[in-house]
Structures are given as structure tokens and as C-alpha cells.
4 protein chains.
Amino acid sequence: MPIAEKPMRADAIRNRAKIVDAAYEQIASHGVDVGMDEIATAAGVAVGTLYRHFPTKTDLVAAIVEHYVDAAATDAEASLARVQTGGSRAADELVEYIRRVGDSSADHVAVKSTARSLGVEPHPDTSAAARVEAALAGLVVQGQADGDIRPEITVDDLFLLMTTAPVNQAVEVRERWLQLVLPGITTH
Amino acid sequence: MPIAEKPMRADAIRNRAKIVDAAYEQIASHGVDVGMDEIATAAGVAVGTLYRHFPTKTDLVAAIVEHYVDAAATDAEASLARVQTGGSRAADELVEYIRRVGDSSADHVAVKSTARSLGVEPHPDTSAAARVEAALAGLVVQGQADGDIRPEITVDDLFLLMTTAPVNQAVEVRERWLQLVLPGITTH
Amino acid sequence: MPIAEKPMRADAIRNRAKIVDAAYEQIASHGVDVGMDEIATAAGVAVGTLYRHFPTKTDLVAAIVEHYVDAAATDAEASLARVQTGGSRAADELVEYIRRVGDSSADHVAVKSTARSLGVEPHPDTSAAARVEAALAGLVVQGQADGDIRPEITVDDLFLLMTTAPVNQAVEVRERWLQLVLPGITTH
Amino acid sequence: MPIAEKPMRADAIRNRAKIVDAAYEQIASHGVDVGMDEIATAAGVAVGTLYRHFPTKTDLVAAIVEHYVDAAATDAEASLARVQTGGSRAADELVEYIRRVGDSSADHVAVKSTARSLGVEPHPDTSAAARVEAALAGLVVQGQADGDIRPEITVDDLFLLMTTAPVNQAVEVRERWLQLVLPGITTH
DNA sequence: GATGAATGAGTGTTCATTCAT
DNA sequence: TATGAATGAACACTCATTCAT
């Protein structure tokens, strides 16, 4: 039963979003070591405001990761939906999904390493993470029912592979990695 | 025409070794951002000494990486030797080698990311790196001749996988990763 | 079109002044090599504050020099004013001015050499420097019209002498130097 | 009555000379802040050797200054000799001497400021300084007897002017300075 | 609530000097 | 005695965080 939180003021919400976006952008393009001032400037607010929303740099990064996971969750759910409506095959969606996750991280080099370097848990117990898990589970089960995915594969296996994907490398490298890794997942 | 380098003094050699060891240890356990002072203290020398041996933090990290690659090279050559003397099967040695590399890095969390974060080339054109490459090439060729390794596999593929191995995870996780990845390399 | 600069906060202005004063004092009495920390302490602020106002030691010294030149400009203009209102003779004012500049620098040994050693231009194209030049030019012209100043003397000549004055010596020495140098400027 | 000092070994003397030369060169061209290591390297010895000869950087600089004063002394004595043999007029020699001192320092920018910045007395009580003084005294007296030099001028006056000469400026500037300063010394 | 000035511990690095070889 | 490796205090500068306005 959630504690009733006073709703944020409209401009505070707007600021929060601006900050997360700017921080994402800055950290992605200049690495974890961008200063808080730089992030604040990029977000068009003062440092103080930034600290009002995120008491710690770590908190800010955690928010970014959550943001990122959230997008991934929405993506995964869309994949599952396409399968469930008969629009496509589960295994194909799974492969495409892994590829897309790698691609999107690739544009934003440092986010993952950032998260780790600041001790942010890779899989925070967010609802977003849970949503990814649920959607992928759906795809795996269906893929196995189709006989396309190896029966012993679990969602954790997929997480393991995705968290070790060579995100900050050229497309060809990422594609080659996918080809190397696929036989361990699929049945053919 | 050999370059006439004056041999280092005995104590200087000892210090250099102490420094590399301590730096390895410190960076591995506390991340790249350990201070040079901390490293020096851990090595039992003064900062100045550290800087006499490595004019820059980057130089120090490069030396550590080289040290690490060197060990990996010796290991790979031993594997190849065992195969060439008929002592064991190339594919088996390859798998074991990958596992060992993961194990050894595992104790020392951050070294690889460290190297990258400081702009140290992952594969500096060291003789050590060349040695690893040569030995692994030998294993791959033999494994393919044996029909154990997929014909399209190259040494670069192995590097790709090894550099994305989940080094900083528990044994079981690393083992699971190996099982997921193996089908992409071997023929069975 | 005036550049819209947000006015500094009152306390920031106060701090800036405190810093310039303290830096002047410290550098003057202990030489250029006083640490920034020492200057900060003397100013009663933390180093960070010092760096917020002057991003570089060189910037700080430049500010000090400007401060100093500014005072000299005001002084020179006062001299010229006295002459123009008929209150005194141009040549006398000139001599007194040179003496005063020597005196004021004398308390603060190293400022000039400091400026030079940090690569700060001796005559930055500040309005202050221009003001000194204009006022001295006025005095020189009038002194020549009076027949007191040698006709070939220029403002640059005065600068040359003033920048070579023995600022860090005892009064008597400085006075003797003035007597040695005067015949080259005046007609008697 | 000097204490009998054990004569230096031949190679020690050679080293001392090499060091002073190298130090002169280095400090002149790179400023006071050249490291002792750099000086030692330039002199072809190890730092330890340098420190055996000069226990302190200040001592080394003092030695350089003495070296410089020594050359100036020889020069001054030659001037005096030319006057005494009737070869030239004292006042002319004096002016030329001042010009030469400025010139020679000019090649070696930082030496004087160096000396001062390290707290080396400008007129160490060396025999060399005494020789300069004696020779200049001879020139002054003769110049005054000739009616060319103002009667109130002393050797100290000359020192005062020479130590304030704009040594590190272009020839034209130095020449202009000389013209400005001459009327204070001569009778015409 | 937002601002941005102030804080101060910490960083990598230098260099005069000492001392074991 | 000469060597050059070791020392360590000092330096200019940074940046996450706090707090007066």
C-alpha cells in the first residue's frame, strides 16, 4: 500500500524531466565524469535545483538507468504484443530485441559502465525491470513452444548476454557478436 | 644493433615490481580512481618513486595491462604446446583457456575497464598481444582441422567474446555464460 | 548594445575584493610563489572560491596588476588636473608622480616581476593603462611647453624609467636613483 | 689570512666548471625554474655530483652570479687599463662599459632576476665585486678629473643604474635607456 | 522552490634534496 | 667520489556537495 505522496508541482516535474534528459545526454557523450555543474547547465537549471531532485550523483545516474530500462520495457512489451497478435514469431522478435538494445546503448556509450562504476545495481528492483522480465519471459516461453528457442534458456540467460554485449563498438562488431551468441539460444 | 640500455639497479627493479603489483591490486579492488598516493603507499614507496617509474597514471595502467596480457600470452602458448605434443585436444584447450582468462580477471574486477577508461589501447601492439594471437591462431586452426571448431571462427571472434566475458561475476554466472557462448564456437 | 551581464551578488563582490587585496599583500611580501591556498586563507575564503573568481593563478595576478595600474591611473589623472587648474607646474607633478609610483610599489616588492614571470603583459590594453598614458602625455606636453621637460621626451621614455625604477630598495636609494635620472628628463 | 684548503682534485675542478657553465646556460635560457636534474644532465653529471659542489640551489646561483661578476671585473679592468695607457677617455670607457654590461646580460635574460628571486645578494662581498668596484672607481675619478663626469657621482651610483638597466629588452630600448640616463652622469 | 556562490577534501604531478649503491 | 633512485612536502586545480540569498 503506497504512502500518499504530495503530488509534484508542474514545473518541478518539468525540471525533473529536463534534468534526466540532459544528464543522459551529457553522460552518454562525455562519460561519467561530467561535472554536476555541466549537467545542470545543460538542463538549464542551477546545481541547487539539480540537487533538490537528486540528492546525490548516484541517485541521478540511477534515475537515468531507470529511464533507460523503462524504454527497454516498453520495447519488450511491444515485441510480445506483436507475437501474441500473431504478427511475428517469438524467436525472431527476441533476436531483434537483443539487437535493438545493443543498438540503443551503442549510441550512448558510457551509460552502462557509468551505472556500474557508481555502484548502481544493474537490475534495480524497479517495476520497469519487472516489466522487461515479464515480456521477455513471454517471448521465451512462446519461442520454446515453437521449438525455436533451446528449452534450457531462461530470461536470466538473456540478461546475462545483453549485459555483456559489446555496446560501444562498431555495428559490424556488434552484429558479429550476435551471430556468435545466437547458436547458444536458438535450436538451429 | 642492440640499443645499449644501462641495466636497472637491483633495488629499482624490485621497486618497479612492487609498484606494478600494488597498482594491480589497488586498481582491481578499488577501481581506476584510486589515488596515486594510495598506490604508492600500498607499494611501500613514496609517490615520487612511483612517478620515476611511470611518468603518468596512464603509463602505470598501461604497464599493468601489459603485465596481464603477458601472463595470458604465456598461458596461451602453454596450451598450444600441450596440443602440439599431442597431450590434448585443441578445442578443449581453447575452452579451458577462455575459462581461465575469465577466472583470472575475475579476481581483479576493474582492470579492463580501467584500461579503456584511461584510453589505453585494449590490444596495444605489444609482442605479448602478438604472442596471444599467434598461440590462439594455432589452437583455432588445429581445432578446425579436428572438426571441433566451426570453420568460420577467427581469433578476433575469440577476442570479442573474451573481452565481453562477465569477469566480475560469480563463478556460476561465468560458467553459465561459457555454456551459452560455446555453441557459437564449436561444431556440436 | 550593452552586454547584459547579471550583476554580481553583494557577497561575491565583497569576496572578490578581499581576494584581490589578500593576493596583492601575499604576493608582494612572499613573492609570486605563494600557494593559492595561502592566498585563499589570507583572504578568509576557501580555495574553491578563489578559483571561482579567478580560474587561473595567472588570471589572479593579472587582476592584481590591473588593480595596481588602476590606482596609478587615478593618481596620474589627479596630477594632470592639478596642473590644468593652474595649481602646480607640470614638471613638478611629473617628478612627484614618478616618486609616488616608486614608493607605492616599494611596499609590495614582487608585484611587477610577478606579473612578468607569469607572462602577464606589462601594459595590457586596459583602459587603465590607456588612462595613465593619456594623463602622462598631458603632463609631458605641458612641461615641454613650460620649457621644463626636454623636447625629445616621450611617455614611453617615462614608462621605461618607471619600469626600471629600483622599487624594492630603501627610500634613500630610490631618491638617489631619481636624482640620477632626472637630468635626462628635465632641461635644467 | 685564508685557511689553507685542501686543493681540489683536477676532475672535481673540471666538474665544477662544467656545472657552472651548464647552469648558467640553462637558467639563462629557460628561467630560474629549471630543475636541478636538468642542469645536472646538461652538465653531464648526476644530481648527486651537482649537490656535492653546491649544497643548495641558491649556492649554485650565487656561483653563477660570481662567475658573471668575474667577467664584468675583467672587462672593467681592461677599460681602466686602456684609459691609464692613454688609449681612451675615461668617460667614454665608462659609457661603453655600461652598455656592454647591459648587452651581455641581455643575452641571458633571467640571471639577474634569478639571483634576486633566490635571495642572493646583488653585491656579494666577493673579490670579483671588489675588482669591479676598484676599476670603476679609477674610471670615475679620471672622468671627473677630465671634467666629463659630474663631481658628485660615485661608484655606487653606477651600480644603482646598472642593476636597474632594462637588460631583457630589445637593443633600441636599452640604447634609449642609456641616453636617458647619461645626462645624470656626465657634465654635458 | 530556485539560484549560484562557497566549501574543502582530494587529484595528479613536480622538484629540491637525501642517501643507498 | 660519483651515481641516480628515493623521498615527500608542496603546488595548481577540480568537483560533489552545502547553504545563504
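Order of the sequence lines sets the chain letters (A, B, ...), proteins ahead of strands, with each chain counted from 1.
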Looking only at E:dT7, E:dG4, F:dT7, the nucleotide nearest the B:Val45 side chain is F:dT7
Reading nucleotides 9-21 of chain F from 5' to 3' and marking B where a protein heavy atom lies under 4.0 Å of the base, S where only the sugar-phosphate is that close, and - otherwise, the string is B-SSBB-SBB---
Length of the line joining [X]:[atom1] and [N]:[atom2], which is rounded to integer Å:
| X | N | atom1 | atom2 | answer |
| --- | --- | --- | --- | --- |
| D:Arg16 | F:dT1 | CZ | P | 16 Å |
| B:Asp59 | E:dG12 | CG | P | 14 Å |
| B:Ile13 | F:dG4 | CD1 | P | 15 Å |
| D:Arg52 | F:dT1 | CZ | C1' | 6 Å |

Between B:Leu60 and B:Met36, is there a side-chain heavy-atom distance shorter than 4.5 Å?
yes
Would you say C:His53 reaches E:dA6's phosphate, i.e. side-chain N/O to OP1/OP2 under 4.0 Å? yes
Closest to the 5' end of DNA chain F, once B:Asn15 and D:Leu50 are matched to their nearest nucleotides, is D:Leu50
Distance (rounded to the nearest 0.5 Å) between [X] [atom1] and [Y] [atom2]:
| X | Y | atom1 | atom2 | value |
| --- | --- | --- | --- | --- |
| B:Arg16 | B:Asp21 | CZ | CG | 11.0 Å |
| B:Tyr24 | B:Ser29 | OH | OG | 11.0 Å |
| A:Arg52 | A:Thr49 | CZ | OG1 | 8.0 Å |
| D:Ile39 | D:His30 | CD1 | NE2 | 11.0 Å |

Nearest heavy-atom contact between A:Lys18 and A:Gly44 is NZ-O, 4.4 Å
Those residues at least two apart in sequence (or on a different chain) that pass side-chain hydrogen bond (donor to acceptor under 3.5 Å, both in side chains) with B:Asp11 are B:Arg9
- request: Kindly determine whether B:His53 and B:Asp59 satisfy side chain to side chain contact (heavy atoms under 4.5 Å, CB included), including the steps that lead there.
  value: CA-CA 9 Å; B:His53 288 277; B:Asp59 291 330; over 6 Å; no
Dot-bracket for DNA chain F, 5' to 3', Watson-Crick and G-U pairs with both distances under 3.5 Å, [ ] for crossing pairs, | for partner on another strand, reads .||||||||||||||||||||
